[in-house]
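One is the number of the first residue; the rest follow in order along the sequence.
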Amino acid sequence: MNITVFLGSRNAQKEIYETSVIKLAQEIAKRNHTLVYGGAKVGTMGILANTALEHGAKVIGVMPKILSEKEIIHEHLTEVYLVSDMHERKMKLQELADVFIAMPGGCGTMEEIFEVITWNQIGVHQKPYCFVNIDGIYDGIKLYLEHALSQNFMSKENFDKIHFFDSIEALVSSGLLK
């Protein structure tokens, strides 16, 4: 199974975020799944890839050429796709994925997971996706989605497909990683 993970290219302020990324990478490797991510060696992205590789997982990176030229591409990945831009990156990440996970991150993480949600709503894919809400980082997103539902800006069916897990253990218990 290919697990596409969206997360930060910066180091986290709190250790709990990095610890959770390490646990996720270990769970992916333990299940002989493949990690698919943005391809960077920096931030929590780098921690995720390094840990997955250290535990024997296959790791695929998808990196726009402009970012690879800034020397942030991870040099030790199993496979790398160099793409022309961020739009092509998101399409490749979606194509490769069997499931999508949003770990704590910034605006890029939000943009990527919300595109996945939108693509699901319009029928581009039927793959599962979730937020891992470590230390309540996505409480505001959850509140927004509940409000959007209450105001009829999304259907209950689409709302029910959006999963939030408060820990890697809860994600694993859900069966999403099989």
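We find that K156 and D160 are joined by a salt bridge, their nearest charged nitrogen and carboxylate oxygen being less than 4.0 Å apart. Using a 4.0 Å cut-off between a side-chain N of Lys or Arg and a carboxylate O of Asp or Glu, D135 and K14 qualify as a salt bridge. Ion pairing between a basic and an acidic side chain is recognised when a charged N comes within 4.0 Å of a carboxylate O; K58 and E79 show such pairing.
Residue pairs meeting the ring pair (Phe, Tyr, Trp, His ring centres under 6.0 Å) criterion with at least one member in residues 144-178, sequence neighbours excluded, are F131-F164. Note on residues 21-33: pairs passing side chain to side chain donor-acceptor pair (under 3.5 Å), not counting sequence neighbours, are K23-E169, E27-R31. Residue pairs satisfying the salt bridge (Lys or Arg N to Asp or Glu O under 4.0 Å) criterion with at least one member in residues 138-151, sequence neighbours excluded, are absent.
Side-chain contact between E111 and K90 is present, with at least one heavy-atom pair separated by less than 4.5 Å. Between I22 and I47, some side-chain heavy-atom pair lies under the 4.5 Å cut-off. Side-chain contact between I60 and L96: present, with at least one pair of heavy atoms (C-beta onward) separated by less than 4.5 Å. A 4.5 Å side-chain heavy-atom check between T78 and L53 finds at least one atom pair inside the cut-off. With a 4.5 Å cut-off on side-chain heavy atoms, I141 and L145 count as touching. Counting heavy atoms from C-beta outward, I134 and D166 have side chains that stay 4.5 Å or more apart. A heavy-atom distance below 4.5 Å is not found between the side chains of L24 and L35. No side-chain heavy atom of Y17 sits under 4.5 Å from any side-chain heavy atom of L7.
Closest non-hydrogen pair, A52 versus V59, comes out as CB-CG2, 3.7 Å. What you find for K161 and Q126 is that their closest heavy atoms are NZ-OE1, 3.8 Å. The shortest heavy-atom contact between G105 and Y138 is N-OH, 3.5 Å. Between V132 and M103, the shortest heavy-atom distance links the atoms CB-SD, 3.6 Å. Between Y129 and I113, the shortest heavy-atom contact is CB-CD1, 4.1 Å. Across all non-hydrogen atoms, the minimal contact from F100 to L93 is CE2-O, 4.0 Å.
Remark: Q151 CD is packed, more than 12 non-hydrogen atoms of other residues, nucleotides or ligands lying under 6.0 Å away.
A side-chain donor-acceptor contact under 3.5 Å links N120 to the backbone of H125. For N2 (side chain) and D98 (main-chain N/O), no donor-acceptor pair under 3.5 Å exists by modelled atom type. Listed for the R89 side chain is no donor-acceptor partner under 3.5 Å among the backbone atoms of V83. N158 places no side-chain N or O within 3.5 Å of a backbone atom of M154 that could act as its donor or acceptor partner. A donor-acceptor pair under 3.5 Å links the side-chain atoms of K127 to the main chain of Q94, judged by distance alone. Side-chain N or O atoms of T44 include none that pairs as donor or acceptor with a backbone N or O of N11 at under 3.5 Å.
I28 and V99 fall within a single hydrophobic cluster, where Ile, Leu, Val, Met, Phe, Trp and Tyr are joined by side-chain heavy atoms under 4.5 Å apart, directly or via other members. Under a hydrophobic-cluster definition in which Ile, Leu, Val, Met, Phe, Trp and Tyr are linked whenever side-chain heavy atoms come within less than 4.5 Å, directly or via other members, M91 and V80 are assigned to different clusters. When the side chains of ILVMFWY residues are joined at heavy-atom separations under 4.5 Å, either directly or via intervening members, L143 and M110 end up in two distinct hydrophobic clusters. At a threshold of 4.5 Å between side-chain heavy atoms, the hydrophobic network of Ile, Leu, Val, Met, Phe, Trp and Tyr places I101 and W119 in two separate groups. Side-chain heavy atoms closer than 4.5 Å link hydrophobic residues (I, L, V, M, F, W, Y) into clusters, and following such links, possibly through other members, connects M63 to Y81.
In this view, E54 satisfies the salt bridge (Lys or Arg N to Asp or Glu O under 4.0 Å) rule with no residue, not counting sequence neighbours. With sequence neighbours left out, K65 forms a side chain to side chain donor-acceptor pair (under 3.5 Å) with no residue at all. By the side-chain contact (heavy atoms from CB on, under 4.5 Å) test, S9 pairs with V42, M45, sequence neighbours left out.
To the nearest 0.5 angstrom, E157 atom CD is 12.0 Å from L149 atom CG. To the nearest 0.5 Å, the span separating CG on L176 from SG on C130 amounts to 5.0 Å.
Aromatic ring centroids of Y37 and H74 lie 6.0 Å or more apart.
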